[in-house]
2 protein chains.
Amino acid sequence: MSRVEAATALILEVFRLNGALLAAGDGLTRDLGLTSARWQVLGAVALAGRPLTVAGAARAMGLTRQAVRRLVTELAADGFVVLAPNPDHRRAALVVLTETGRRAFAAVQERQAAWAERIAEGCAPAALGEATTLLRRLRAALERDEEHGAAEAES
Amino acid sequence: MSRVEAATALILEVFRLNGALLAAGDGLTRDLGLTSARWQVLGAVALAGRPLTVAGAARAMGLTRQAVRRLVTELAADGFVVLAPNPDHRRAALVVLTETGRRAFAAVQERQAAWAERIAEGCAPAALGEATTLLRRLRAALERDEEHGAAEAES
DNA sequence: GCCGATACGACAACATGTTGTCAATTGGCG
DNA sequence: CGCCAATTGACAACATGTTGTCGTATCGGC
């Protein structure tokens, strides 16, 4: 198999796995009133070490602040977080976990560990690490390509 | 790094790479009036070997027929495909590429090959293959877990 | 040949992300 | 001090996927 074919096969598999993972994540969190996306936001806030604004959480997650804003609004409506006044910035409120939010996140984290263990059961940690490194390298090449790709496409 | 940690790191990287790939795919197709999603539909129809119905294309791609239906409607509106009567099934029309559609798909395919070569430049085909195999195995475990996961989650 | 299960297309509602736009706040610099 | 650029939150429009529901066409078994 040529390099192009091998790369294409890997890319297609990434798409499929991504879909499967999202579905699994939703299943993992559904009965707690969460989804994969909400869980991700909760995690960013829980693991930040300091209170985050919506825009800050978005930066931490690599998403746009608009997407995070809607999720935060929903999480606040469901009582997982509250928006606390920010002493440093009147408009940019801080997202703070409630006790409910903390408990829900801890519960999901436990499940996720057990789930990851089940899923990766037959895989050597070293092999997982090598695959991660390869994917990271591909993504780096992708982002490098993006930067000066627009000009080359014209040629 | 424990297996759970390694697996979690890999999963997060799959999410990130998926996002980067989608963005790159859109960039690759934009000036032809396509997107990643439309390209995928065009590819399913082009490579099927025989005419496909909307539902058939959806099965071939692992998407729902509703999602494919909308994309096909848009592709038809833009002249990339036409819906031809199906002699075997009055309601299920066949999706057929127009000359425009064929040319657009061929153009994207050329670009994709060059792009994949650039992206995977520093990677050995064997390493790509191993990563693909690992991801496939993870997805298989995931799908197996889904099946009898609902019951275990209660315990 | 009829009848019910199944497949298909259409429509609606929703989830999740994007980009674009706009006003308000903040902070730095002349 | 005052003004201008960057940041932020809000809203809208759109892209892409999902599920649910409905009506109808097709097919297989009796």
Side-chain angles (χ1 to χ4, degrees), chain A residues 15-30 33-42 44 51-78 81 83-95 146, chain B residues 15-27 29-30 33-44 51-78 81 83-95 146:
Chain A
F15 287 148
R16 283 192 221 102
L17 183 55
N18 180 262
L21 285 170
L22 280 182
D26 284 346
L28 218 57
T29 53
R30 188 173 319 129
L34 294 174
T35 62
S36 290
R38 292 184 179 196
W39 169 26
Q40 195 188 1
V41 174
L42 227 50
L52 288 178
T53 64
V54 167
R59 271 192 301 272
M61 294 189 295
L63 292 181
T64 59
R65 65 184 201 282
Q66 288 80 352
V68 175
R69 189 187 70 87
R70 186 167 34 72
L71 289 167
V72 166
T73 303
E74 292 172 5
L75 284 170
D78 289 352
V81 302
L83 291 171
N86 184 348
D88 296 336
H89 196 307
R90 203 193 311 171
R91 295 195 65 207
L94 295 172
V95 183
E146 289 284 276
Chain B
F15 286 148
R16 284 192 219 101
L17 183 56
N18 180 262
L21 285 171
L22 279 182
D26 283 346
T29 54
R30 188 174 318 129
L34 293 174
T35 62
S36 290
R38 292 182 179 198
W39 169 26
Q40 195 188 2
V41 174
L42 228 49
L52 287 178
T53 63
V54 167
R59 272 192 302 272
M61 295 189 297
L63 293 180
T64 59
R65 65 183 200 280
Q66 287 80 353
V68 176
R69 187 187 71 87
R70 186 167 34 73
L71 290 166
V72 166
T73 302
E74 292 173 4
L75 285 171
D78 289 352
V81 302
L83 291 171
N86 184 348
D88 295 337
H89 196 305
R90 201 192 314 172
R91 296 195 62 208
L94 295 173
V95 183
E146 290 283 276

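To find a chain, count down the sequence lines: A is the first, B the second, and so on, and within it residues start at 1. Worth saying up front: this structure is predicted, and the values here are computed from it rather than measured.
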Exercise. With sequence neighbours left out, write down each residue that passes salt bridge (charged side-chain N to carboxylate O under 4.0 Å, His left out) with A:Asp78, or none if nothing qualifies.
Key: A:Arg38
Exercise. Could you list all the salt bridge (Lys or Arg N to Asp or Glu O under 4.0 Å) pairs where at least one residue sits in residues 15-25 of chain B, not counting sequence neighbours?
Key: B:Glu13-B:Arg16
Self-check item: Close side-chain approach of A:Leu94 to A:Leu83, heavy-atom, < 4.5 Å
Solution: no
Exercise. Summarise how protein sits on nucleotides 7-23 of chain D as a single string, 5' to 3': B when a protein heavy atom is under 4.0 Å from the base, S for sugar-phosphate-only contact, - for no contact.
Key: -BBBB----BBBBB--B
Quiz item: In Å and rounded to the nearest 0.5 Å, what is the CG to CH2 distance from B:Leu75 to B:Trp39?
Solution: 14.0 Å
Practice problem: Please round to the nearest 0.5 Å and tell me the distance separating atom CG of B:Leu34 and atom CD of B:Gln40. | Solution: 12.5 Å
Pairs of donor and acceptor atoms involving the side chains of residues 52-73 of chain B, under 3.5 Å and at least two apart or interchain, shall be tabulated with distances.
unit_1: B:Thr53; atom_1: OG1; unit_2: B:Gly56; atom_2: N; d: 3.0
unit_1: B:Thr64; atom_1: OG1; unit_2: B:Ala67; atom_2: N; d: 3.4
unit_1: B:Thr73; atom_1: OG1; unit_2: B:Arg69; atom_2: O; d: 2.8

Tabulate atom names and distances for all N/O pairs under 3.5 angstrom spanning the protein and nucleotides 1-4 of chain D.
none

Quiz item: Which residues in residues 16-24 of chain B have at least one heavy atom lying under 4.0 Å from any atom of DNA chain C?
Solution: none
List the atom pairs, with distances to 0.1 Å, where a side-chain N or O of residues 19-29 of chain A and a protein N or O form a donor-acceptor pair under 3.5 Å, not counting sequence neighbours.
unit_1: A:Asp26; atom_1: OD1; unit_2: A:Ser36; atom_2: N; d: 2.8
unit_1: A:Asp26; atom_1: OD1; unit_2: A:Ser36; atom_2: OG; d: 3.0
unit_1: A:Thr29; atom_1: OG1; unit_2: A:Gly25; atom_2: O; d: 2.9
unit_1: A:Thr29; atom_1: OG1; unit_2: A:Asp26; atom_2: O; d: 3.2

Quiz item: If you write DNA chain C from 5' to 3' in dot-bracket form, with Watson-Crick or G-U pairs under 3.5 Å, [ ] for crossing pairs and | for pairs with another strand, what do you get?
Solution: ||||||||||||||||||||||||||||||
